[in-house]
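Naming: A, B, ... by sequence-line order, numbering from 1 per chain.
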Number of protein chains: 2
Amino acid sequence: MTRPSSRPRDRGIPEATVARLPVYLRALHGLTDRGVPTVSSEELAAAAGVNSAKLRKDLSHLGSYGTRGVGYDVEYLIYQISRELGLTQDWAVAIVGAGNLGRALANYGGFVSRGFRIAALLDVQESLVGAEVAGLRVEHSDQLEAVVRQRRVSIGVIATSAAGAQTVCDRFVSAGVTSILNFAPVVLNVPEGVDVRKVDLSIELQILAFHEQRKAAGALGPDWNVSVEPPPAPPERVGGRIPVDAVDAAEEEGR
Amino acid sequence: MTRPSSRPRDRGIPEATVARLPVYLRALHGLTDRGVPTVSSEELAAAAGVNSAKLRKDLSHLGSYGTRGVGYDVEYLIYQISRELGLTQDWAVAIVGAGNLGRALANYGGFVSRGFRIAALLDVQESLVGAEVAGLRVEHSDQLEAVVRQRRVSIGVIATSAAGAQTVCDRFVSAGVTSILNFAPVVLNVPEGVDVRKVDLSIELQILAFHEQRKAAGALGPDWNVSVEPPPAPPERVGGRIPVDAVDAAEEEGR
DNA sequence: CCCGCTTTGTGCGTGCGTTCACAAGGACAT
DNA sequence: ATGTCCTTGTGAACGCACGCACAAAGCGGG
């Protein structure tokens, strides 16, 4: 302790910690709803599904907001975490893509309750423009730049198909958006200084499948999954840069 | 190298690697669509948005499937990764919750194209039962256990509200599901041996807000965000278990 | 057959994240 | 005022992950 006060000693909060703060916040909100005034690291950790030592270390990065022998004041801790995450101000969010996912996002209550305000819902498809979703009128994507500037949008959400995502991203960036949440299954290219977070629904399923397979594999012995289908063409190399039309080595029908 | 062959030398693949394999897979599919037969680690890494050394190390965990001086055979690598992830078999998935999110998931093409088959879409709400979504008839949640057993469901997706999530989870588990993908904003309690992956839309936004705030903070100097609203009641402790009405010690305003 | 070019596969150093275990500190009872 | 009890905050050890940089290995040309 170099500082006498209980201020965040260091502005560098580990990424891993930042990612968990919202979880703690949610658990704390649950506690206030139940009228709990004070919570120990052990209890809060259980509610958040983490190790209590990890929780304490995480919280210690924001400052010394607990009372030894007692625990943390729930209300106070909520405020401190919210402030650290920047949730004490409200953030204007624009969602591009009013398909199933875009509509689901617009209707998602978790946004509004955390200081996020859906400033616009945009789509290219004419038939969707003008429709009302979650109290919002769907606007045409042409309006993207105008909307971002006029409504002070600082976070862009991409809920389009993979094909259109990069274009939307570029337009967000050139309009001044520096934080983007991407649901499209593509790797976005952005300049330095722009943050992109990715949520890929199918990736999560694939990770689950991997573990599920492994559980099953244990019961069946190793190598149980080789050749469930004919192993498609082992390396089968022929020339250095074979042109596309060189489809001579047909081999067996791969997969 | 202890093994002469090019089989996965070690069955322990790092989690971080597993999480990236689906990304590589997607990039590889993009390459086949463009007719590219062979790819170097440098190119593939660029397409996947990672470091090329990391990519090579990741792939080395599955075995030695590249050719030095040439690169990787796209088709072959796709097969190997797919097999490792368990995508060569098809997985029956049940989605509970036919709200906006549930419907979005059912319509999401990324599932089917990766070996996942939506076996059922369930909801408690009577008004939704019977509706057709993505070629599926919405069934009542009562059917959960029956559906899981009869259709060999091995992965459960929870797209309900926070309130119902734990119940649905418990029912999945007791019906024998050991892999769960949770979209509800709660920490699920599951027994040993059950894998849960969590996707929380609002957490991602909160992480973005944190970084966005930090960018803005740099320009405004430190402490710019203190007291944008009155700092709510510093610890204000009095007794061990103070009733809500005990509000006396104001202290100095802590922070 | 040999040589040089290209790209893989990996040994190794470094840094981050997690966990243990305990000293420091505050509250309450006596 | 003092001692006991409880919980925080953190020093230190450990383990995983990342990235550099290079040796090993295949390919094509001469």
My understanding is that only residues two or more places apart in sequence, or in another chain, count here; which of them pass side-chain hydrogen bond (donor to acceptor under 3.5 Å, both in side chains) with B:Arg20? B:Tyr24, B:Asp58
For D:dT7, does OP1 or OP2 lie under 4.0 Å from any side-chain N or O of A:Ser40? no
Let me test you: for the helix from C:dC1-D:dG30 to C:dT30-D:dA1, what is the angle between the axes at its two ends (five pairs each), rounded to 10 degrees? 0°
Per the under-4.0 Å heavy-atom filter, residues of residues 45-59 of chain A near DNA chain D come out as A:Arg56, A:Lys57
Does a side-chain N or O from A:Thr67 land closer than 4.0 Å to OP1 or OP2 of C:dG26, or not? no
Do the side chain of B:Glu84 and the main chain of B:Gln80 share a donor and acceptor less than 3.5 angstrom apart? no
Straight-line distance of B:Leu55 CG to B:Leu59 CG, nearest 0.5 Å: 4.5 Å
Would you kindly give the CG-to-C1' distance between A:Leu44 and D:dG9, to the nearest whole Å? 15 Å
Check: A:Gln166 side chain, A:Asn189 main-chain N or O, donor-acceptor pair, under 3.5 Å: yes
Passes side chain to side chain donor-acceptor pair (under 3.5 Å), B:Ser41 versus B:Arg56? Steps please. CA-CA 6 Å; B:Ser41 65; B:Arg56 287 197 300 275; 3.0 Å; yes
Check: D:dT7 base within 3.5 Å donor-acceptor of A:Arg68 side chain: no
A:Asp73 CG - C:dA27 C1' separation (whole Å): 15 Å
It should be established whether A:Ser41 places a side-chain nitrogen or oxygen under 4.0 Å from OP1 or OP2 of nucleotide D:dT8. yes
Over how many whole Å does the gap from B:Tyr65 atom OH to C:dT10 atom P extend? 12 Å
Atom CG of B:Leu77 and atom C1' of C:dG9 are separated, to the nearest Å, by 14 Å
So if I apply the side-chain contact (heavy atoms from CB on, under 4.5 Å) rule between A:Ile158 and each of A:Val186, A:Thr167, A:Leu181, A:Ile180, which one comes out positive? A:Ile180
